[in-house]
Number of protein chains: 2
Amino acid sequence: MVFGLDDADLKVMLIQRAGAPFEGRWALPGGFVRPDETLDEAARRELDEETGLKRVFLEQLYTFGAIKRDPRERVISVAYYALCNLRDHKVQAATDASAAAWFDLHKLPALAFDHDEILKTAVERLRGKVRYVPIGFELLPRKFTLTQLQRLYEKILDRQLDKRNFRKKVLAMGILEETDEMQQGVAHRAARLYRFDEPSYKRMVKQGFNFEL
Amino acid sequence: MVFGLDDADLKVMLIQRAGAPFEGRWALPGGFVRPDETLDEAARRELDEETGLKRVFLEQLYTFGAIKRDPRERVISVAYYALCNLRDHKVQAATDASAAAWFDLHKLPALAFDHDEILKTAVERLRGKVRYVPIGFELLPRKFTLTQLQRLYEKILDRQLDKRNFRKKVLAMGILEETDEMQQGVAHRAARLYRFDEPSYKRMVKQGFNFEL
DNA sequence: CATCTTAGTGTCGCACGCACACCATGGCAA
DNA sequence: TTGCCATGGTGTGCGTGCGACACTAAGATG
């Protein structure tokens with residue numbers, strides 16, 4: 001699964017199946033593992049082939065092994081999910097002619113196979129993980145405003161957060177680096193841009209720091 | 001992996017390999033998935049076959065897919081872990097003559113294949129999960145004392161906890177049911193036995209309750 | 001220059017987490 | 001029977017972090 005943040009909304013990329021079974025239905029991108037590659041490598045290769053994305057966050061989710069998942073034959077799927085932002089990474093449609101599109105998580109079509117279940121598992125994982133691991137930053141451009149960050153967390157957690165408390169907390173963690181750049185081209189007061197300070201985050205984790213939002 | 005609590009220590013069950021490769025080395029129990037069973041079913045069947053355990057907590061952990069994990073051929077392993085207590089469930093050695101034994105997590109031999117890595121992943125998961133999901137109770141007998149519960153958490157989290165604060169917190173959650181039974185056959189004041197109140201825990205979760213220790 | 005939109009900032013009360021020490025109980029041995 | 005020993009069981013006070021809450025600042029636009 002590829003999750004992306006499109007200014008306002010959290011979206012997932014689906015591709016439309018060209019052949020049977022489930023012809024015309026939307027499905028999660030995927031493919032088969034080759035004998036000479038690890039699962040991680042296979043996931044990265046498929047991601048690249050179907051979306052052109054490289055060097056994004058990618059993590060194994062869960063392995064689905066129901067017997068009749070695929071009506072043709074027994075298939076076991078090791079699901080992975082990736083996070084990216086749609087600004088820095090232009091996502092190209094898959095090269096093999098099948099249609100690809102971003103879908104808002106609240107407006108999903110019926111999916112092929114057991115992909116509804118897989119997607120649901122991924123959203124739960126994302127929702128659980130985003131609170132105590134700073135993976136949310138993967139969805140934002142490298143430089144972002146605090147308001148963007150807050151909107152992101154509001155989307156994922158599905159509830160409103162208080163602006164002052166949010167800023168206070170996230171700044172107090174000391175994992176954001178203030179840049180001297182400001183937002184450009186907005187029709188109101190420009191906000192300051194921040195950067196996620198990964199090295200100092202990692203240093204702090206080693207000393208027992210616990211990210212939590 | 002099968003984790004068990006043996007009064008004092010958290011242990012894992014290993015079996016000694018009878019044949020090549022890694023003959024004589026200790027390894028995690030496991031086996032192959034059959035065409036007519038799901039992954040969960042396969043995990044349960046193997047667990048039963050190798051330890052006689054039924055109806056215990058069992059959960060998928062992670063899928064390991066490095067290329068040369070098994071020197072013979074490409075094998076992808078979907079790892080599961082189970083929790084049980086060694087009092088209520090008598091664990092019998094595997095029927096197929098291979099030796100089985102419990103090992104303290106701090107005194108492990110070198111394991112076959114990449115089983116060290118798998119086990120390490122499981123311990124991390126257990127350590128992370130035990131704090132916000134009440135799976136710790138799976139390792140205790142159905143009725144247990146608060147001190148037993150505390151010892152368990154101290155083992156898993158690997159640090160000392162304050163008795164008064166621990167009791168206060170865990171009792172305040174309202175997920176423990178006080179029984180009218182007392183500990184038997186101890187050479188000091190007997191402690192009261194408690195039971196994990198799963199129905200009321202589930203009810204509370206539905207209303208937004210968050211277990212956390 | 002008025003208006004509009006978002007940026008950015010501080011306080012206070014409360015609840016929770018943590019540190020901390022003593023009496024109760026019951027078995028056992030002298 | 002009595003003393004001893006080991007563990008069970010209990011409350012308070014302090015500090016910190018969390019959540020609720022509203023107004024001024026800046027910059028673009030017409």
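Numbered from 1 within each chain, the chains take letters A, B, ... in sequence-line order.
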Atom pair distance, as rounded to whole Å: [atom1] in [X] and [atom2] in [N]:
X        : N      : atom1 : atom2 : answer
A/Phe166 : C/dA7  : CZ    : C1'   : 15 Å
B/Arg192 : D/dT10 : CZ    : C1'   : 14 Å
A/Gln150 : C/dA7  : CD    : C1'   : 12 Å
B/Phe144 : D/dG8  : CZ    : C1'   : 16 Å
B/Arg159 : C/dG17 : CZ    : C1'   : 11 Å
A/Leu171 : D/dC18 : CG    : C1'   : 16 Å
A/Gln184 : D/dA28 : CD    : C1'   : 13 Å
B/Leu193 : D/dG8  : CG    : C1'   : 12 Å

Which part of the nucleic acid, if any, lies within reach of [X] when heavy atoms closer than 4.0 Å are counted: base, sugar-phosphate only, or nothing?
X        : result
A/Thr147 : sugar-phosphate
A/Arg167 : base
A/Lys169 : sugar-phosphate

Minimal non-hydrogen separation, B/Leu149 against B/Val170, with atom names =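 Smallest heavy-atom distance, with atoms named: CD2-CG2, 3.9 Å.
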message = So for B/Arg189 and D/dG8, does any side-chain atom that can act as donor or acceptor lie under 3.5 Å from a complementary atom in the base?
response =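 Under the 3.5 Å cut-off, the side chain and the base do form a donor-acceptor pair.
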task = Assign the ring pair B/Tyr132 / A/Tyr132 to parallel, tilted or perpendicular, where the plane angle (0 to 90°) is split at 30° and 60°.
result =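 Ring orientation of B/Tyr132 relative to A/Tyr132: tilted.
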query = Aromatic rings A/Phe144 and A/Phe137: how do their planes relate, parallel, tilted or perpendicular, breaks at 30° and 60°?
reply =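 Ring orientation of A/Phe144 relative to A/Phe137: tilted.
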request  = Assign each of A/Asp162 and A/Ala190 to its nearest nucleotide of DNA chain D by heavy atoms, then name whichever residue's nucleotide is nearer the 5' end.
outcome  =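 Closer to the 5' end of DNA chain D: A/Asp162.
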Side chain of [X] only, heavy atoms from C-beta on: which candidate in [options] is closest?
X        : options              : answer
A/Lys168 : D/dA20, C/dG8, D/dA6 : D/dA20
A/His188 : C/dG8, C/dT6, D/dG19 : C/dT6
B/Lys163 : D/dG9, C/dG8, C/dG27 : D/dG9

query = Is there a side-chain contact between B/Asp9 and B/Lys107, using heavy atoms and a 4.5 Å cut-off?
reply =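 The answer is no, as the side chains (C-beta and beyond) never meet within the 4.5 Å cut-off.
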query = Reckon B/Arg164 has a side-chain N or O less than 4.0 Å from the OP1 or OP2 of D/dG9?
reply =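 B/Arg164 to D/dG9 OP1/OP2: no side-chain N or O under 4.0 Å.
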task = Would you mind checking if B/Arg45 and B/Glu41 are paired as a salt bridge, meaning a charged N to carboxylate O distance below 4.0 Å?
result =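 Here B/Glu41 does not pair with B/Arg45 in a salt bridge, since their nearest N and O are not under 4.0 Å apart.
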